[in-house]
Number of protein chains: 2
Amino acid sequence: MVLKMSLSSRFAVGIHILALIELNKEGTSSSEFLASSVNTNPVVIRKLMGMLKKAGLVEVHPGIAGAKLAKKLSDISLFDVYKAVNIVQENELFSVHDNPNPNCLVGRNIQNTIEPLFVAAQVAMEKVLEGVTLEDVVKDIADKGNMNC
Amino acid sequence: MVLKMSLSSRFAVGIHILALIELNKEGTSSSEFLASSVNTNPVVIRKLMGMLKKAGLVEVHPGIAGAKLAKKLSDISLFDVYKAVNIVQENELFSVHDNPNPNCLVGRNIQNTIEPLFVAAQVAMEKVLEGVTLEDVVKDIADKGNMNC
DNA sequence: ATCTTTTGTAACTAAGTTGATTACATGTAC
DNA sequence: GTACATGTAATCAACTTAGTTACAAAAGAT
């Protein structure tokens, strides 16, 4: 039994490209441009962009090069990005085994007992993400140097 | 692109079997007994039991039927179980893409910028788990009826 | 109108994890 | 030594991820 597990990097990549679109707002942020900064395939970026667009975070148009932010930086929280990229389903960060034995007291009740505990833990995590905006992220990056790509 | 992701149910199953060991403390909690309540294979239980044993939460002995808790109920938090079953690696709940482009301001700094944010969110989640003990879980289940398996 | 560029998708792949399962070695008790 | 339980390796199907190829659809330039 191997022992690892991390949520998809789509979240980190989503933050990356949104921050880059902002810092490159004078230029054109095509999927190829963004991909070269993330170091991945442009199609990966376009699929992610579809999610961000659906969530109302970016504006992109077929045939027209470049994506733009659809909201102010300070109005986009990391939680917005997190929800947009679907790395976990609502209230399902932790899996609960299904079909426990209904003839056993524990089997019959375990799901209802732990579900609210799992949700509370997940919500606490999400609240932290809600308290950070892309503005915070962009400021932190901008402090490290000048845009050069 | 499909859109789901949940952490392993080992955590939920771990809580299930620890609660059951407690509620069945008069009887013998063999891997087969526990498996029938969880509704899974005894080998799955034994592998999980190995993790719980390694973490000092249960006592099990080769050749001897039955597992016992190694600590008081109130001294085992859900965070202890969570760590024992390795559903996430330390500070790696969220993946960060590696090899971003070092020639780009964002690529060069994104990892260092978001890592502490991700860790803070994870820690907030873990704090909630730390505040709940198996005693709370067992009491909740015991309130629902009498042990009957 | 056509050529070029870019976005939007579908389809496929390799790698990795999960949970179930079979098989069997090891250990304990009778 | 027989019976039974735990420990563990190996295998398997199902699923997700991230990368890739291929191509349709849309916009702009000439």
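Protein chains get the first letters and strands the later ones, always in sequence-line order, with residue 1 at the start of each.
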Can you tell me how far apart CZ (F79(A)) and OG1 (T133(A)) are? Round to the nearest 0.5 Å.
15.0 Å
Atom CG of L7(B) and atom P of dT17(C): how far apart are they, to the nearest Å?
14 Å
Without decimals, in angstroms, what is the distance between L48(A) CG and dT9(C) P?
14 Å
Taking only side-chain N and O atoms of S8(A), does any of them lie within less than 4.0 angstrom of OP1 or OP2 on dA18(D)?
yes
It should be established whether R10(A) places a side-chain nitrogen or oxygen under 4.0 Å from OP1 or OP2 of nucleotide dT17(D).
yes
Take the protein atom NE2 of H97(A) and the nucleotide atom P of dA20(C), then report the distance between them rounded to whole Å.
10 Å
For atom CD of Q89(B) and atom C1' of dT17(C), their distance in whole Å:
12 Å
Can you tell me how far the CD1 atom of I141(A) sits from the OG1 atom of T113(B), to the nearest 0.5 Å?
4.5 Å
Contacts of M49(B) and V43(A) projected onto DNA chain D by closest heavy atom; the upstream (5') one is M49(B)
Identify which nucleotide among dG19(C), dA18(D), dA20(C) has an atom closest to any side-chain atom of T40(B), counting heavy atoms from C-beta outward.
dA20(C)
Counting heavy atoms from C-beta on, name the nucleotide in dT21(C), dT6(D), dG8(C) closest to the side chain of N41(B).
dT21(C)
One should read off an interatomic distance between S95(B) OG and R10(A) CZ, to the nearest 0.5 angstrom, of 10.5 Å
Check whether any side-chain nitrogen or oxygen of S31(B) sits under 4.0 Å from OP1 or OP2 of dT6(D), and answer yes or no.
yes
When the distance from CE of M51(B) to C1' of dT17(C) is rounded to whole Å, what number comes out?
12 Å
Have N24(B) and S29(B) got a donor and an acceptor in their side chains that come within less than 3.5 Å?
yes
Tell me: CZ of R46(A) to P of dA18(D), nearest whole Å?
17 Å
To the nearest angstrom, how far is N86(A) atom CG from dC15(D) atom P?
18 Å
Counting primed atoms, P, OP1 and OP2 as sugar-phosphate and everything else as base, the B/S/- map of nucleotides 24-30 of chain D against protein heavy atoms under 4.0 Å is --BS---
What is the distance, rounded to the nearest whole Å, between atom CG of L52(A) and atom C1' of dG8(C)?
14 Å
Of all heavy-atom pairs between R108(A) and N103(A), which one has the smallest distance, and what is that distance?
NH1-C, 3.8 Å
Does D140(B) pair with K144(B) as a salt bridge, N-O distance under 4.0 Å?
yes
Does dT6(C) have OP1 or OP2 sitting under 4.0 Å from an N or O in the side chain of S30(A)?
no
Scan side-chain atoms only and decide if H97(B) and T40(A) contain a donor-acceptor pair under the 3.5 Å cut-off.
no
Quiz item: K53(B) side-chain donor-acceptor pair to dT8(D) base, under 3.5 Å:
no
Side chain of V60(A), heavy atoms from C-beta onward: which of dT20(D), dT8(D), dG8(C) has the nearest atom to it?
dG8(C)
Reading DNA chain D from 5' onward, which residue's closest nucleotide shows up sooner: G66(B) or N39(A)?
G66(B)
Classify the ring geometry between Y82(B) and F11(B) as parallel (under 30°), tilted (30 to 60°) or perpendicular (over 60°).
perpendicular
Starting the side chain at C-beta, find the nucleotide from dA18(D), dT6(C), dT8(D) nearest to K47(B).
dT8(D)
Distance check: side-chain N/O of S95(A) vs OP1/OP2 of dT18(C), anything under 4.0 Å?
no
